[in-house]
Amino acid sequence: MTTKPVISIRNLDHYFGHGQLRRQVLFHINLEIYSGEIVFMTGPSGSGKTTLLTLVGGLRSTQFGSLRVLGRELCGASRQELVKSRQRNGYIFQAHNLHGSLTALQNVKMGLELHQHLELAQMRIRSAQMLEQVGLGHCLHCYPDQLSGGQKQRIAIARALVSHPQIVLADEPTAALDSQSGRDVVNLMQKLAKEQGCTILMVTHDNRILDIADRIVHLEDGLLKAEV
Amino acid sequence: MGFIQQLRRRTPLGWLQLSHEKSRLLVALSGIAFADVLMFMQFGFQSALYDSNTRLHRSLLSDIVVIGSQTRNLQRISTFSRRRLYQAMDIPGVKSAEAIYIGTMIWKNPQTRRETEILVIGFNPDKPIFDLPEVNQQLQAIKQPYTVLFDRGARGEYQKTIAQLEQGKPVKTEIEHRTVTISGLFKVGASFGADGTLMTSDENFLRLFPRQPAANVSIGLIQVEPSADLQQLVAALKSHLGNDVKVLTHEEFIQFENDFWSRNSPIGFIFNLGVSMGFSVGVILVYQVLSTDVNAHVREYATFKAMGYRNLYLLGVVFEEAVILAVLGFIPGTAVSLGLYYLTRNATNLPIYMTVIRALQVLLLTMIMCAISGAIATRKLQSADPADMF
């Protein structure tokens, strides 16, 4: 682990709404996450975990404070820069969000198409390899609705990791899965993250998987309470 | 990286989305095909009506046509002096100048004995002026006094008359208390202005229209030497002949008649309205399909946005779908229209044909139609917010 943080959050405040309805949801967040770390974020619903995750992911504009991801400041960044910053991350959602009209291979390939330097053939090979790594080498050409929930989430992981992002952001990836497939999914994420040396920031409520975290941070009422 | 290479490595998302939902695609395509058929039929009827109206004009064997300057159409002829045609012969390059007489009169329908209006054309039977073989074979017959040829394409109850003539038996009827013999048939067809046409010699014409002086002719037909320059001759004739006549090329003469009817009849308006109806139906149908498709994929689109795809990329997907729908819908639309053209041709005797120009015109309209629908449908893309995904 290097000493340089890949994600560095300083005095971050965030508000929702305007005028009378304006409400602060994040208060003075300070957090540093280092390369290769697996950090879990826990907390009751409504505590602002997801908001923080979307800010780190560049899906929302940062309002106050400082948020540096891979050395780039996101506070005050233009839409263009936010889109660029998204391309450098991998995302795993609570629902798999695979495209129903695309096969497993095509879905994973969508994660590569943004990276201009690859040829079509290379993209195919890499997508297929990635699917093999998540144990789905036998159903490259299956459509999502032919697969189980766990399999779909594994395709989503393949899609997020196929471009070898330095940061993976995940929002309760096990919530919709039974305990065994949930366990398999996080084990897989951990294994691939270690192989690729990528950093994972994951929001989760799932107590069964906490053991794979390097560090757990707890968010309550918009305040970062404690590092567990 | 070149554009083509970019295109090759891109997942054809629009096509995959459309082809994944086969039944929805089929409904969309039949809707577009329907809109195309509507447009094809309207365009077809319009040009068929105009064409049918100028069949007689087209069958004239002449390079340049001279008409009286007050003439508005074939039924509203103002005559001019035959001297103008002799003067035309002075111009080098003019091979021949023939006069024809045209008039409308009342005759008794030989079958029903009712009085109806009919167009009569008189010309010199020694010089064939029509590109109608049936007429040219019967020139000897119309040299007989009070003998005429009858248009089998005339509108009205003439079936028995035509049947009798086809058996070679002449039919007698009455024009202004004189007995007239119909000795044979030819085919031109009815137009907006005339239900039927009779053809006869110039002498017979003057017998039937005793008030028309032989020196006043209706139309002059000029044939030019093969080596002559048509435009130069037209210009020379215009300056030589004076203001009481108009000098037109054969094409301009046909257009002249068309212009009259497109200005003085609601035909152009009606059919253009029909085309825009078809167009609007198409826009609404395609919009329905595309907006349903965008709605059904909002989550996926938001995911793509989260992954770093730009709005432009998703706009591209919607327009890709629009173009695919336009092209795929156009194919069955054209096929059905070809069939309907064939049926219409057989049933109505209208000269309705598919032309490449019209096909391209409708294809272009279909593309525009789908692009408009696509542009409206993309407004829904804004609702795909990646921040809602977590």
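This is a predicted model, so every value here is computed, not measured. Letters go in sequence order (proteins before strands), and every chain restarts at 1.
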Legend entry - Side chain proximity check, B:Thr303 to A:Arg159, heavy atoms < 4.5 angstrom: yes
Legend entry - Closest non-hydrogen atom pair between B:Gly308 and A:Val83, with its separation: O-CG1, 3.4 Å
Legend entry - Proximity breakdown for A:His96 and chain B, heavy-atom pairs closer than 4.5 Å: neither
Inset, instruction - Give, as side chain, backbone, both or neither, the part of A:Leu114 having an atom under 4.5 angstrom from any heavy atom of chain B. - result: both
Inset, instruction - Give me the ring orientation class for A:His99 and B:His297: parallel if the planes are under 30° apart, tilted from 30 to 60°, perpendicular past 60°. - result: parallel
Inset, instruction - Assess whether atom OH of A:Tyr15 is packed by more than 12 heavy atoms of other residues, nucleotides or ligands within 6.0 Å. - result: yes
Legend entry - Nearest-0.5 Å distance, CG of residue B:Leu13 to OG of residue A:Ser101: 7.5 Å
Inset, instruction - With a 4.5 angstrom heavy-atom cut-off, could you sort out which part of A:Ala121 is near chain B: side chain, backbone, both or neither? - result: neither
Legend entry - Per-residue contact mode, A:Leu82 against chain B (heavy atom under 4.5 angstrom): neither
Legend entry - Validation row: B:Phe304, A:Glu113 side chains within 4.5 angstrom (heavy atoms): no
Inset, instruction - State, with a plain yes or no, whether a side-chain heavy atom of B:Leu16 is found less than 4.5 Å away from one of A:Thr103. - result: no
Inset, instruction - May I have the step-by-step check of side chain to side chain contact (heavy atoms under 4.5 Å, CB included) for A:Met110 and B:Thr11, ending in yes or no? - result: CA-CA 7 Å; A:Met110 288 301 292; B:Thr11 304; 3.7 Å; yes
Legend entry - A:Arg88 atom CZ, over 12 foreign heavy atoms within 6.0 Å: yes
Inset, instruction - Determine, step by step, whether B:Tyr309 and A:Arg86 satisfy the side chain to side chain contact (heavy atoms under 4.5 Å, CB included) criterion, reporting the C-alpha distance in whole Å, the side-chain angles of both residues, the deciding distance to 0.1 Å, and the verdict. - result: CA-CA 9 Å; B:Tyr309 283 93; A:Arg86 286 179 212 161; over 6 Å; no
Inset, instruction - Using atom types as modelled and distance alone, determine if a side-chain donor or acceptor of B:His20 lies under 3.5 Å from a backbone N or O of A:Gly100. - result: yes
Legend entry - Atom CZ of B:Arg155 with >12 non-hydrogen neighbours under 6.0 angstrom: yes
Inset, instruction - Would you give the length of the straight line joining atom CG of A:Leu59 to atom NZ of B:Lys305, rounded to the nearest 0.5 angstrom? - result: 11.0 Å
Inset, instruction - Under 4.5 Å, counting heavy-atom pairs only, tell me which of A:Gln106, A:Lys84, A:Glu172, A:Arg124 racks up the most with chain B. - result: A:Gln106
Legend entry - CG (A:Asp221) with more than 12 external heavy atoms under 6.0 Å: no
Legend entry - Stepwise side chain to side chain contact (heavy atoms under 4.5 Å, CB included) check, B:Arg310 with A:Gln87: CA-CA 10 Å; B:Arg310 288 163 208 281; A:Gln87 295 180 355; 4.2 Å; yes
Inset, instruction - Might you confirm whether atom CD of A:Glu132 has over 12 heavy atoms from other residues, nucleotides or ligands at distances under 6.0 Å? - result: yes
Legend entry - Within 6.0 angstrom of B:Phe34 CZ, more than 12 heavy atoms from elsewhere: no
Legend entry - Residues, nucleotides or ligands: over 12 heavy atoms within 6.0 Å of B:Leu360 CG: yes
Legend entry - Nearest non-hydrogen partners of A:Tyr91 and B:Ala306, listed with the distance: CE1-O, 3.0 Å
Inset, instruction - Could you grab the distance from atom CD of B:Glu300 to atom CG of A:Leu102, nearest 0.5 Å is fine? - result: 8.5 Å
Legend entry - A:Leu55, part contacting chain B, at a heavy-atom distance under 4.5 Å: neither
